[in-house]
Protein chains: 2
Amino acid sequence: MSGPITSRKVTVTDVARRAKVSPGTVSNALSGKRHVNAETRQRIEQAIEELGYVPNLTARQMRTGRSNTIAIASSMSVGVAAGPSKLGFLMEIAAAAAITALERNTALILIPPIDNPQSALDQLSVDGALIVEPERDDPMLETLIRRRVPTICIGAPPEMTLPHVALEYSAMANLLIDHLLDCGSRHFPLILGQSDRQTNRDFRAVYLARAKAEGRPAHIIELPEQNAEAAAETALRQQMEQGLSFDGILVPVDAMATGVMRALRGAGLNIPGDVRVVTRYDGLRARQETPALTAIDLQLDEVARIATEALAQMIEQVAIPPIIKAPTPRLLARRSSLLS
Amino acid sequence: MSGPITSRKVTVTDVARRAKVSPGTVSNALSGKRHVNAETRQRIEQAIEELGYVPNLTARQMRTGRSNTIAIASSMSVGVAAGPSKLGFLMEIAAAAAITALERNTALILIPPIDNPQSALDQLSVDGALIVEPERDDPMLETLIRRRVPTICIGAPPEMTLPHVALEYSAMANLLIDHLLDCGSRHFPLILGQSDRQTNRDFRAVYLARAKAEGRPAHIIELPEQNAEAAAETALRQQMEQGLSFDGILVPVDAMATGVMRALRGAGLNIPGDVRVVTRYDGLRARQETPALTAIDLQLDEVARIATEALAQMIEQVAIPPIIKAPTPRLLARRSSLLS
DNA sequence: AGCGCTCAGTAAATCGTTTTAATAAAAAGG
DNA sequence: CCTTTTTATTAAAACGATTTACTGAGCGCT
């Protein structure tokens with residue numbers, strides 16, 4: 001407990017007094033917006049040092065109208081996102097975005113999936129927002145638009161006119177289907193979630209189109225996203241009991257892939273010998289499975305960086321293209337599909 | 001593009017004018033700090049509705065001196081934390097803390113491990129901070145203390161006088177050792193990281209004390225935390241080649257546990273038949289291993305909640321106990337140690 | 001000398017709230 | 001009926017920075 005008991009905050013005025021200049025000059029010295037004499041600047045810096053001055057960010061924000069803060073949010077309901085899987089996806093992006101943001105002197109505030117996201121937004125003043133894989137009629141997205149908060153979606157939003165970083169779901173689907181074919185699979189069902197997101201639409205469309213074009217059977221299993229792992233396991237088990245046969249499985253959601261693996265193991269099937277399994281999100285789950293799952297490298301940290309920088313542009317009123325291309329996804333072939 | 005091109009922000013003054021009252025009254029109506037006539041309040045609420053008034057948080061913060069923002073940070077260097085493992089730990093806490101914070105109208109800003117965390121803190125004005133498993137001479141912690149920012153550590157800080165939520169590492173170590181003994185193991189090395197954190201100190205102390213008291217051999221393998229998984233794998237492999245024999249392994253860090261599992265499988269050992277493996281952090285890794293790893297349920301979301309609420313108290317200058325007990329850790333026995 | 005121009009610095013206005021001190025009106029008390 | 005107290009409201013002063021408009025001083029150039 002050294003130092004004064006009550007240390008009144010030291011302000012720009014205190015510094016100015018000590019350096020025998022006006023507050024305005026101190027401000028200029030700090031921001032560099034106007035030139036100040038080298039000698040004067042010297043005095044100011046010394047005063048700052050001696051007094052231990054730290055600028056009050058709030059006051060600065062108030063004057064400049066910027067909060068130097070962006071939010072990252074996912075609207076997924078707690079039930080869906082709370083599992084380590086989806087949360088992992090969001091958090092992986094959040095961590096990368098936070099780093100990029102901090103490099104630009106911007107703080108990233110985390111809005112995890114909560115029941116009433118709008119009330120949260122009401123209490124926050126942010127310069128912009130990133131929103132991850134928005135759903136149709138996403139309440140959070142709607143609130144942001146109504147408030148005219150600059151917003152960038154990661155993954156296509158339902159109305160394609162909103163600016164977003166386009167994750168190339170179709171390309172991913174093609175990569176995975178090509179790979180399954182390369183590995184000798186011809187009969188592979190598609191297992192996916194039933195929420196109305198771009199990723200689901202694209203995977204379904206590509207899957208159906210190619211099955212038709214290439215004369216292969218198409219079989220889509222749609223599942224609720226609550227408790228995805230167990231849902232996938234039981235669903236697949238049931239289908240197998242009913243005689244469904246296949247030599248591969250395309251299951252984009254990693255949590256579902258884990259469930260699928262469990263069902264397959266339970267049925268005594270050999271992977272990849274009998275069945276090749278491929279998934280999309282290359283999270284911990286895919287890497288940790290035995291055998292490790294073939295997946296797509298989404299390059300999420302790069303995606304997050306791009307999105308954050310685009311958002312910064314948008315906040316500074318610089319025009320940006322409405323659709324920003326994400327880095328090209330790459331296939332990560334692993335033992336769950338490689339026969340040799 | 002409906003609506004006015006440039007919609008000047010509507011302020012409390014606009015509302016006041018419209019409701020034919022003074023700005024102060026509007027403020028009182030909003031905050032409820034002073035009583036305002038029911039009829040007047042009615043008029044004000046209507047004006048707010050009609051104008052679509054949204055309070056300017058920054059101005060409010062400036063006047064009240066609160067930013068309604070807390071930071072969560074981990075000081076781990078990028079190399080250590082960037083892996084999904086440690087990041088998972090931080091993020092799991094962050095997500096839970098964000099939820100608790102939002103319930104209290106406080107935003108949580110994320111400071112991921114970056115090279116120069118102090119510069120980041122300089123640009124932020126927060127009411128308080130949570131800091132996860134601080135290290136000795138933690139630069140971030142030092143900055144926070146110098147700035148007199150109310151701070152709560154999650155996991156004991158090096159100087160025990162700082163307020164913190166005490167994760168009961170000793171209890172965890174005892175739980176795991178008891179369990180290994182129950183499962184018939186008597187020779188189990190301890191594999192841990194070499195950074196100077198409370199968790200490492202506690203595990204080492206308990207391990208040594210019990211080995212001595214119970215007449216068992218003690219063998220500690222200390223590893224750098226960079227690239228923990230590979231480090232653990234090669235280290236264990238080497239030790240086995242040199243003739244180290246054991247019937248169990250105590251490896252708190254989950255990334256290292258994964259490496260250990262790989263080394264054991266590589267040596268053709270049966271788990272849990274030949275070797276029982278237990279770890280501490282029950283993350284995705286532990287659950288996804290085959291066989292799944294026995295671990296400790298740290299109840300991190302509860303820990304985060306407790307820490308966030310304590311921090312809120314501290315910010316409001318309410319006295320809090322310097323050491324806050326975390327919920328009692330519970331053993332999650334899984335197939336990596338269960339013989340039957 | 002007079003004119004224009006840059007340079008450094010200052011005083012004052014401003015951002016949008018909350019809070020304090022003052023006030024008018026109404027109610028209560030004698 | 002004249003005080004006191006309470007109640008509801010308001011005008012004005014903060015909060016701590018940035019920015020605008022203004023002021024001299026110094027300098028170069030006809």
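Values reported hereafter were calculated over all heavy atoms of this structure, with side chains retained and with hydrogens, waters and symmetry mates removed.
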Has [X] got a side-chain N or O lying under 4.0 Å from the OP1 or OP2 atom of [N]?
| X | N | answer |
| --- | --- | --- |
| Lys9(B) | dG16(C) | no |
| His35(A) | dA8(C) | yes |
| Thr11(B) | dG16(C) | no |
| Lys33(B) | dT19(C) | yes |

### Task
Taking all non-hydrogen atoms of both residues into account, name the closest pair between Arg60(A) and Pro55(A) and its distance.
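Nearest heavy atoms, Arg60(A) then Pro55(A): NH2-CB, 3.4 Å.
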### Message
Whether Arg197(B) and Glu135(B) form a salt bridge (side-chain N of Lys/Arg under 4.0 Å from carboxylate O of Asp/Glu) is what I want to check.
### Response
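Looking at Arg197(B) together with Glu135(B), the answer is yes, because their closest N to O distance falls below 4.0 Å.
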### Task
Look at Arg305(B) together with Glu309(B) and state whether they make a salt bridge at an N to O cut-off of under 4.0 Å.
yes
### Message
I'd like to check Lys9(B) versus Val54(B) (side-chain heavy atoms, cut-off strictly below 4.5 Å). Are they in contact?
### Response
no
### Query
If we only count heavy atoms from C-beta on, is the Glu45(B) to Glu49(B) side-chain gap below 4.5 Å?
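SC-SC contact between Glu45(B) and Glu49(B) ruled out.
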Expressed in angstrom and rounded to an integer, what is the separation of [X] atom [atom1] from [N] atom [atom2]?
| X | N | atom1 | atom2 | answer |
| --- | --- | --- | --- | --- |
| Lys20(A) | dT10(C) | NZ | P | 12 Å |
| Arg17(B) | dG16(C) | CZ | C1' | 13 Å |
| Asn68(A) | dC15(C) | CG | P | 20 Å |
| Arg43(B) | dA8(D) | CZ | C1' | 12 Å |
| Glu39(B) | dT7(D) | CD | C1' | 15 Å |
| Arg66(B) | dT18(C) | CZ | P | 14 Å |
| Gln61(A) | dC15(D) | CD | C1' | 14 Å |
| Gln42(A) | dA8(C) | CD | P | 16 Å |

### Query
What nucleic acid atoms does Val21(B) come within less than 4.0 Å of, heavy atoms only: base, sugar-phosphate, or nothing?
sugar-phosphate
#### Entry: Touch class at under 4.0 angstrom, heavy-atom based, for Thr25(B) against every strand present
base
Which nucleotide wins on minimum distance to the side chain of [X], given the candidates [options]?
| X | options | value |
| --- | --- | --- |
| Ala59(B) | dG16(D), dT17(C), dT19(D) | dT17(C) |
| Met62(B) | dT18(D), dT17(C), dC15(D) | dC15(D) |
| Asn56(B) | dT17(C), dT19(D), dT18(C) | dT17(C) |
| Val12(B) | dT18(C), dG16(D), dT17(C) | dT17(C) |
| Thr40(A) | dT19(C), dA8(C), dA17(D) | dA8(C) |
| Arg34(A) | dT9(D), dT17(C), dT20(D) | dT20(D) |
| Asn28(A) | dA8(D), dA17(D), dT19(D) | dT19(D) |

### Val36(A) vs Gly24(B), nearer the 5' end of DNA chain C by closest nucleotide
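Its nearest nucleotide being more 5', the pick is Val36(A).
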### Query
Is there a donor-acceptor pair under 3.5 Å between the side chain of Asn28(B) and the backbone N or O of His35(B)?
no
### Message
Nearest heavy atom decides the nucleotide; on that basis, is Ser31(A) or Ser22(B) closer to the 5' end of DNA chain D?
### Response
Ser22(B)
### Query
When only distance counts, do a donor and an acceptor, one from the side chain of Arg63(A) and one from the base of dT14(C), lie under 3.5 Å apart?
yes
